[in-house]
Amino acid sequence: MEQSNQTENIKAGKPVILSGIQPTGGLHIGNLFGAIKNWVAMQDEYQCYFTIVDLHSITNKQVPAELRRSTLDMAAMLIACGIDTDKSVLFVQSHVPEHAELAWVLICLAGTGELSRMTQFKDKAAQHPENVNAGLFAYPVLMAADILLYQADLVPVGEDQKQHLELTRDIAQRFNHNYSDTFKIPDAYIPKTGARIMSLQEPTKKMSKSDENKKATIFLSESDEEIKNKIKRAVTDSGELLNDDFFKNASINHESLMDFMKNRPGLANLLTLYHASTNKAFIEMGKDLAGKGFGDIKSIVAEAMADYLNPIRTKYNEIRKDENKLKELLAQGAEKAHSVALKTLRKVYKKVGFYSL
Ligand code: TRP
C-alpha cells in the first residue's frame, strides 16, 4: 500500500521536495512554526523527502548514545507533528549509503576557496576553534549530495541555509557541465506562510535550540507547566496597551506585524505565538487581547500555546514508546530513499568513469 502510494506520486509527476534536519538538540516552537508546519502542509502537493541528518551531526562533537537516542526522538516528533510516512519519505541519512558516496564525488568538484567562504563554516570554526575538522568544512557538500540524489526541484530552507543551496546549485551545474546533464538544479522554496518565532528573552534574536538562556526557548517536549512559565516570563516592554483600533486596522496583517512593531519586538512575538497556536485572524485576536494588560495577555497566550502543544506531545510519547514500530517505519523510509538515491549514484559513477562490475 505504502509502496504503491509512493509510486503513484512519482508517476503523477509531483515536484520533488527535499529537506533535512539535524537530530541533535530537539525541536522547539521556532522549528515547528517556521519549518515543520510547512513540511506538513506540502505533503499532498509534492513528493517529499525528509531526512534526519545524523552524518552532519558528527561534524560537532557528539555523545554516541545521545545521538542514537535523539535520532529516534526526532523521527517520533516529526511524525507527531504531522509528517505522514504514507505520503512522504522519512528516513535517517546514515541508513542510505549513497549520501556519503555522492558527497565524496562532489567534494572532488568543490573548491577549497568557495567552501572557506561559507559563513556557517566561518561561524562554527570561530565558535569551536579546537574542533575545526574537515567534515565541518565539507558539511555543505554533504548537504548538496542530500539534495541532488533525489533530483529535488525545491528545497525549503531558512535564511541561514541559502548560501549552502547556492553552492549546491553551483556544484550541480559544474558536474552537469563537466560530464553531461545529470542533476536537476534545485530552487529554494519560500513558503507562503511561516512564522518567525523569536527568543522569549531577547525578542530581536531568532529562537534557537542552543540558546544558553533556557527561558528563551520552548521545546516541544516540555510540559504544560514549563511552557506556560516561559511565556509568562517572556520579555515585553512598558509601552501602551494594545487597543481595539490596533487590532481593527485591517492593513496590519500577520506578515507586516513584525515590521509595524519593530519597536515592540517582545509584544509582537507574543502576538505571533497567539496567531500560531490559535490560527485566529488579527481581528479575532483583538477580541481576546485588546485592552488587556501584558500579564493577562501572557496568560492567554501561554494557555493557548500549552493547549496547542499538548496533543503533539501525547502523540509523541505514544509513538516513541513503540520503538520497534518506529524503527520499522524508518527502515521502510530508508528503503524507498535508497531505491531513488541508487539510481542517481549509478549514473554519477558511470559518468565519472568508475568501472562497474
Ligand atoms: N544544513 C541544514 C541545517 O543545518 C540541514 C540539512 C542537511 C539540510 N541536509 C539538508 C537542509 C538538505 C535542506 C536540505 O539546517
Side-chain angles (χ1 to χ4, degrees), residues 27-38 40-41 81 156-162 190-220 222 224 226-309 312:
L27 286 178
H28 55 69
I29 56 173
N31 303 129
L32 176 64
F33 295 116
I36 309 301
K37 277 189 82 174
N38 284 317
V40 171
C81 290
V157 282
E159 204 49 52
D160 62 326
Q161 297 298 314
K162 276 197 182 147
I190 314 293
K192 292 177 207 93
T193 55
R196 214 171 129 77
I197 309 289
M198 313 304 278
S199 153
L200 297 175
Q201 292 299 315
E202 278 180 79
T204 51
K205 253 179 40 185
K206 234 175 99 176
M207 186 174 281
S208 154
K209 66 182 172 191
S210 50
D211 204 313
E212 274 167 23
N213 187 343
K214 295 295 158 223
K215 288 188 293 189
T217 309
I218 293 176
F219 288 94
L220 303 191
E222 291 187 281
D224 284 354
E226 287 168 310
I227 295 164
K228 288 184 199 169
N229 278 334
K230 285 186 181 181
I231 292 179
K232 285 181 186 164
R233 295 198 185 118
V235 167
T236 44
D237 56 54
S238 51
E240 278 172 48
L241 300 184
L242 300 174
N243 58 24
D244 256 345
D245 284 348
F246 172 81
F247 287 101
K248 280 191 187 134
N249 184 347
S251 69
I252 304 168
N253 58 28
H254 176 65
E255 266 87 66
S256 57
L257 185 61
M258 293 306 278
D259 229 28
F260 181 81
M261 295 186 68
K262 258 203 193 103
N263 300 322
R264 313 189 72 180
L267 203 48
N269 200 29
L270 284 179
L271 297 182
T272 304
L273 294 180
Y274 195 57
H275 174 75
S277 55
T278 61
N279 220 4
K280 285 186 182 179
F282 210 61
I283 301 232
E284 292 303 308
M285 285 167 52
K287 291 183 184 153
D288 305 334
L289 306 177
K292 296 252 161 62
F294 297 150
D296 288 342
I297 290 185
K298 284 181 196 173
S299 293
I300 294 169
V301 175
E303 201 72 37
M305 186 57 73
D307 286 352
Y308 183 86
L309 295 178
I312 294 179

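Along the sequence shown, residues are numbered consecutively beginning with 1. Excluded from the calculations below are hydrogen atoms, water molecules and symmetry mates; all remaining heavy atoms, backbone and side chain alike, are included.
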Item to check | Heavy-atom closest contact (Met305 atom, Ile231 atom, distance) | outcome: CB-CD1, 3.6 Å

Item to check | side chain to side chain contact (heavy atoms under 4.5 Å, CB included) evaluation trace for Ile312 with Cys81 | outcome: CA-CA 6 Å; Ile312 294 179; Cys81 290; 4.1 Å; yes

Checklist entry - Below 4.5 Å, heavy atoms only, C-beta onward: do Phe219 and Lys209 meet side chain to side chain? => result yes

Item to check | Centroid separation Tyr274 to Tyr308 less than 6.0 Å | outcome: no

Checklist outcome for this item: Which of Leu289, Ile283, Asp288 passes side-chain contact (heavy atoms from CB on, under 4.5 Å) with Phe247? Answer is Leu289

Next on the checklist: Please determine whether side chain to side chain contact (heavy atoms under 4.5 Å, CB included) holds for the pair Asp211 and Lys205, giving the CA-CA distance in whole Å, both sets of side-chain angles, and the decisive distance to 0.1 Å.
Outcome noted: CA-CA 10 Å; Asp211 204 313; Lys205 253 179 40 185; 3.6 Å; yes

Next on the checklist: Distance check, rounded to the nearest 0.5 Å: His28 atom NE2 versus Leu32 atom CG?
Outcome noted: 10.0 Å

Item to check | salt bridge (Lys or Arg N to Asp or Glu O under 4.0 Å) against Lys162, all qualifying residues, sequence neighbours excluded | outcome: Glu159

Next on the checklist: What verdict does the side chain to side chain contact (heavy atoms under 4.5 Å, CB included) test give for Thr272 and Phe33, after you've listed the backbone C-alpha separation in whole Å, the side-chain angles of each residue and the deciding distance to 0.1 Å?
Outcome noted: CA-CA 10 Å; Thr272 304; Phe33 295 116; over 6 Å; no

Item to check | Over all atoms of both residues, closest heavy-atom pair of Met207 and Met198 | outcome: CE-O, 3.6 Å

Checklist entry - For atom CD of Glu202, is the number of surrounding heavy atoms from other residues, nucleotides or ligands below 6.0 Å larger than 12? => result no

Item to check | Distance, nearest 0.5 Å, that separates CD1 of Ile197 from OG of Ser208 | outcome: 14.0 Å

Item to check | Any donor-acceptor pair under 3.5 Å from Gln201 side chain to Arg233 backbone | outcome: yes

Next on the checklist: Among Asp307, Leu220, Ile218, which residue satisfies the side-chain contact (heavy atoms from CB on, under 4.5 Å) criterion with Ile227?
Outcome noted: Ile218

Checklist entry - Quick check: does any side chain N or O of Asn229 sit under 3.5 Å from a backbone N or O of Glu226, one acting as donor and the other as acceptor? => result no

Checklist outcome for this item: Here the gap from Phe294 atom CZ to Arg264 atom CZ, rounded to the nearest 0.5 Å, amounts to 4.5 Å

Checklist outcome for this item: On a heavy-atom basis, the closest approach of Gly239 and Asp237 is N-OD1, 2.8 Å

Item to check | Nearest heavy atoms of Leu270 and Ala234, plus distance in Å | outcome: CD2-CB, 4.4 Å

Checklist outcome for this item: All heavy atoms of Ala306 vs all of Asp224, minimum pair found to be O-OD1, 3.7 Å

Item to check | Interatomic spacing from CG in Leu273 to CG in Asn269 - rounded to 0.5 Å | outcome: 5.0 Å

Next on the checklist: For the NZ atom of Lys262 and the OG1 atom of Thr204, what is their distance to the nearest 0.5 Å?
Outcome noted: 12.5 Å

Checklist entry - Excluding sequence neighbours, so at least two apart, what forms salt bridge (Lys or Arg N to Asp or Glu O under 4.0 Å) with Lys230? => result Glu222

Next on the checklist: Is the shortest side-chain heavy-atom distance between Asn213 and Leu200 below 4.5 Å?
Outcome noted: no

Item to check | Flag side-chain contact, heavy atom, 4.5 Å: Met285 against Leu242 | outcome: no

Next on the checklist: Ignoring hydrogens, what is the shortest heavy-atom contact between Gly34 and Asn38? Give both atom names and the distance.
Outcome noted: O-ND2, 3.3 Å

Next on the checklist: As a quick check of understanding, evaluate side chain to side chain contact (heavy atoms under 4.5 Å, CB included) for Leu241 and Lys292, giving each step before the final call.
Outcome noted: CA-CA 7 Å; Leu241 300 184; Lys292 296 252 161 62; over 6 Å; no

Next on the checklist: Just so I know, are the side chains of Lys298 and Thr236 near enough to count as touching, which here means a heavy-atom distance under 4.5 Å?
Outcome noted: yes

